[in-house]
Protein chains: 2
Amino acid sequence: MSHLQALNSYFELNREEHLNELKQFLRIPSVSALSDHKTDMLTAAEWLAASLKKAGLENVSIDETKGHPVVYADWLHAEGKPTILVYGHYDVQPVDPLNLWESEPFNPQVRDNKLFARGASDDKGQVYMHVKAIEALFKTEGSLPVNVKFCIEGEEEIGSPNLPEYVLANTEKLAADIIVISDTGMQGPGKPAVCYGLRGLAGVQIQVKGAKSDLHSGLYGGGVQNAIHALVEVLNSFRDAEGTIQVEGFYDNVLPVTEEERAAYVALEFDEEALKRELGVEELFGEKGYTHLERTWVRPTLEVNGVFGGFSGEGIKTVLPADAGAKITCRLVPNQDPDEIVEKLKAHIEKHKPVGVSVEVTEFDKGKPFITPFDHPAIQAAGRSYEKVYNVPTSYVRGGGSIPIVAAFDEILGLPVVLMGFGLASENFHAPNEHFHLENFDQGLRVIGDYYYEIAKFAPQDLKK
Amino acid sequence: MSHLQALNSYFELNREEHLNELKQFLRIPSVSALSDHKTDMLTAAEWLAASLKKAGLENVSIDETKGHPVVYADWLHAEGKPTILVYGHYDVQPVDPLNLWESEPFNPQVRDNKLFARGASDDKGQVYMHVKAIEALFKTEGSLPVNVKFCIEGEEEIGSPNLPEYVLANTEKLAADIIVISDTGMQGPGKPAVCYGLRGLAGVQIQVKGAKSDLHSGLYGGGVQNAIHALVEVLNSFRDAEGTIQVEGFYDNVLPVTEEERAAYVALEFDEEALKRELGVEELFGEKGYTHLERTWVRPTLEVNGVFGGFSGEGIKTVLPADAGAKITCRLVPNQDPDEIVEKLKAHIEKHKPVGVSVEVTEFDKGKPFITPFDHPAIQAAGRSYEKVYNVPTSYVRGGGSIPIVAAFDEILGLPVVLMGFGLASENFHAPNEHFHLENFDQGLRVIGDYYYEIAKFAPQDLKK
């Protein structure tokens, strides 16, 4: 029996148990952004550590950082074989607006062969697949064909503020030949993809302050600057009506998309009409002269993620608000530098500051954009593993999202990164009703298991960047 | 002993008891805008009814409406004398942001001879003064020199949606010669003012809807319209950077300010520098070519009262929001028509609707602007009563706020309205730390008591408009 046949039988036999275990993991509301979930973060780390130990991994530890801890584990008995470092995250996004969830975000439900829960796809479900793939190899083969290390953090959704320091302090412990991450999406149902580039991230919070307290709009309206109007003026200055960003020098270092890339993306036959239907919008919207894939893969963005000020309750309150704020993040592409972009944002805000208010700008954590050659052997090996299980050609794509730590790994450990994801774009990551298609859970377990054998075919030196 | 001397003694003797009673009234959180305060609204109405009965008024009733009830009371035994209808409101504004209050909004505290509580000045404190002035006249003189009716509503802060219907259905019951309202401000500490004009009100809520749910800003950012950006674009189109409203036809029917009025306002020697210091702003802001008093008294406004969308919690959430909204109100001046202004707002929003979103507009309740000749005998009588107590000349002014029902009273009952207020502009109506200067509570009780004698000097027909 081939290793893939053995894995097939094992995963079929244990499917219900695996799903039940994953639901336990998803029940822990490990929202890293909100300080009142601090205990839940530790509970999730402990759950994961126990699960890694149960799988057969060694040296399992919950490593403290200045923020939420990192869960580490390894198995290093495949002498002379490459070492794979698996990175992922056990933290999840906040869940509001809660009223739009069809079932509770932390009460996992399977409907229509999809698992609904916050983190089902991003990224607890995919982290859990790596744990179970290892466990399956131990159970079916007795050992692993390669060495493996796990480094699963709890701060990815807040920009991994403490992981670079952790990696720097543990370069020996984390030394490996490649890094594998499952936190990206496939091209579509039944269409696997290996991702060779990601966007970076930079952002700021803008806080506008007018009078020393809220004022009565009758007594003062028309005579004192309204903090919301001032904020709106600043926010509106960031983009023109066609979506082109107006921050001076914003596009300066953007690598132009090459004709080869453009052609490769056209070959993917992305269906913009289907996307419109799926999202429920009459028109897509973005920079003129670019396709949707280009807008979301190779072009940078500036999006307001939240805006707040004045009265938002039921009914009417005729207040002239003293305070208003907004959260803004930019997705960056090679070779934009996050620090430089934040400086440009600050200069823009300073230049557009309306009269009668003060504006305070605070920075969010940053992440560099990332790109790796798509002909690297570890990338191509991932493509082969997908093809064996899915029986279709693998696409080699770039992603619009950011995994800020990828660039840090790249910089600190100098390793090639393989992004082999099993999510689908329609799965509402970061939004209400996040879910995970269980056919990709099932097939992904097999792909990951096979990938260890694909990597075992190489000597460590073959995998050098 | 003159009636004013008798009132003086009575109010001095009973000051502590009166203040304690007022604090009871202020402890009831009668927030009309929030549906979970419905019971509190009834409690406040009952408290007020009991207080009117105790004062010596008759026919006290709590009259149901489609919303919060109206409290009615009268005393009609001064044959041949004019009848004064006292209007006020027992509802208060919401209290958020709660964290900015130095003491709890519904736990009244006296500090530095100021009474801090939501409603202390707007309008429970001033309504209560009318009740106690009547009580004092009964106690000191045994009867009233004029006939009096009270009509105290519970929906002023939400635009008096049900009072016009109540007034229409009760024109006999509410018939009077003049209406007296204490819900406006004085010119400054020690500077009494009778108000002869008010701004009207019209407003809308704008709800922008993009994709069918919030999206991941990495996967979709740059390719799908962001509801906040779209909202910001609409909001920013309402005004230019100098504060001039850009809605087509908005200023069409505005009565220009006359040279006489401009001169009268200049004579008031309004201190713009002092206002800046008081509000903590470096610059006042408003329509070019107008003074602060003109901007807030005779010019219309458009203010965003609240804005909301996306993530506003702690930290960062890289979401591309599907929904965003704003609450907008305009203060209107003679002869702007609220219905017409709402139509113009709707047309403007429709014209400026960004691509990729839908925009829904809902109307708030409206109020017409109001103006009355400042040489009317009931206005001049109020000025004399102020002068007797404050020993300085009374200013005749217009107000920037709206009491929507004033225009309705004017229209339905056809009566002159006298606005004799005791608030100060610095008292944070509608904002955290609302308070009432107790020297104006003390002096105001005497002014109101005296006013009944001033009005008693006229025959009812002298008071016709």
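Proteins get letters first, then strands, A, B, ... in listed order; numbering begins at 1 in each. What you are looking at is a predicted structure, and each value in this text was computed from that prediction instead of being measured.
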* Below 4.5 Å, heavy atoms only, C-beta onward: do B/H292 and A/V224 meet side chain to side chain? -> yes

* Structure fact -> If one checks every heavy atom of B/T301 against chain A at 4.5 Å, the contacting part turns out to be side chain

* Using the test side-chain contact (heavy atoms from CB on, under 4.5 Å), find all partners of A/E287 that sit at least two apart in sequence or belong to another chain. => A/T244, A/Y251, A/Y290, A/R299

* Structure fact -> Of the listed B/G399, B/A211, B/G309, the one with the largest count of heavy-atom pairs under 4.5 Å with chain A is B/G309

* Structure fact -> Comparing B/P97, B/G221, B/G400 against chain A, the one with the most heavy-atom pairs below 4.5 Å turns out to be B/G221

* Asked: With a 4.5 angstrom heavy-atom cut-off, which part of B/V232 approaches chain A: side chain, backbone, both or neither?
  -> both

* Looking at A/E282, A/E278, A/E242, which one has more heavy-atom pairs under 4.5 Å with chain B than the rest? -> A/E278

* Do you know which of B/D214, B/L235, B/T318 has the most heavy-atom pairs with chain A at a distance under 4.5 angstrom? -> B/T318

* **Max heavy-atom pair count under 4.5 Å with chain B, selected residue of A/E272, A/Q225, A/R295** => A/Q225

* B/L34 side, atom CG; A/E314 side, atom CD - distance, nearest 0.5 Å -> 6.5 Å

* Asked: Which of the residues A/V307, A/T296, A/V281 is involved in the greatest number of heavy-atom pairs with chain B at under 4.5 angstrom?
  -> A/V307

* Asked: So A/H216 and B/F429, would you call those rings parallel, tilted or perpendicular, with 30° and 60° as cut-offs?
  -> perpendicular

* Structure fact -> One option among A/A241, A/G310, A/G222 has the most heavy-atom pairs under 4.5 Å with chain B, and it is A/G222

* **Stepwise side chain to side chain contact (heavy atoms under 4.5 Å, CB included) check, B/N433 with A/S213** => CA-CA 9 Å; B/N433 303 312; A/S213 75; over 6 Å; no

* **Proximal component of B/S358, with respect to chain A [non-hydrogen, under 4.5 Å]** => neither

* **Atom of A/P94, atom of B/F311 and distance for their closest heavy-atom approach** => CG-CE1, 3.8 Å

* **Most contacts with chain A, counted as non-hydrogen pairs under 4.5 angstrom, among B/A230, B/G313, B/A227** => B/G313

* Okay, side chain of A/N305, backbone of B/I316: is any donor-acceptor separation there less than 3.5 Å? -> no

* Asked: Do side-chain atoms of A/Y220 reach the backbone of B/A425 as a donor and acceptor pair under 3.5 angstrom?
  -> yes

* To do: Could you tell me the separation between the CZ atom of A/R239 and the CG atom of B/N226, rounded to the nearest 0.5 Å?
  => 6.5 Å

* Structure fact -> Value for CG (A/D323) from CG (B/L100), rounded to nearest 0.5 Å, stands at 7.0 Å

* Asked: Between B/A431, B/S217, B/G401, which has the largest tally of heavy atom pairs under 4.5 Å with chain A?
  -> B/S217

* To do: Against chain A, label B/P354 side chain, backbone, both or neither, depending on which of its atoms sit under 4.5 Å from a heavy atom there.
  => neither

* **Proximal component of B/E294, with respect to chain A [non-hydrogen, under 4.5 Å]** => neither

* Any idea which of B/A33, B/G286, B/G356, B/G280 has the most non-hydrogen atom pairs under 4.5 angstrom with chain A? -> B/A33

* Residues forming a side-chain hydrogen bond (donor to acceptor under 3.5 Å, both in side chains) with A/K317, sequence neighbours excluded -> none

* **Part of A/S35 lying under 4.5 Å from any heavy atom of chain B** => both

* **Heavy-atom donor-acceptor pair, B/K327 side chain to A/S312 backbone, under 3.5 Å** => no

* Asked: Taking B/E233 for the side chain and A/N236 for the main chain, is one N or O donor matched with an acceptor at less than 3.5 Å?
  -> no

* Is a donor on one side and an acceptor on the other found under 3.5 Å between the side chain of A/H229 and the backbone of B/L302? -> yes

* Asked: Using non-hydrogen atoms only, which part of B/L219 is less than 4.5 Å away from chain A: side chain, backbone, both, or neither?
  -> both

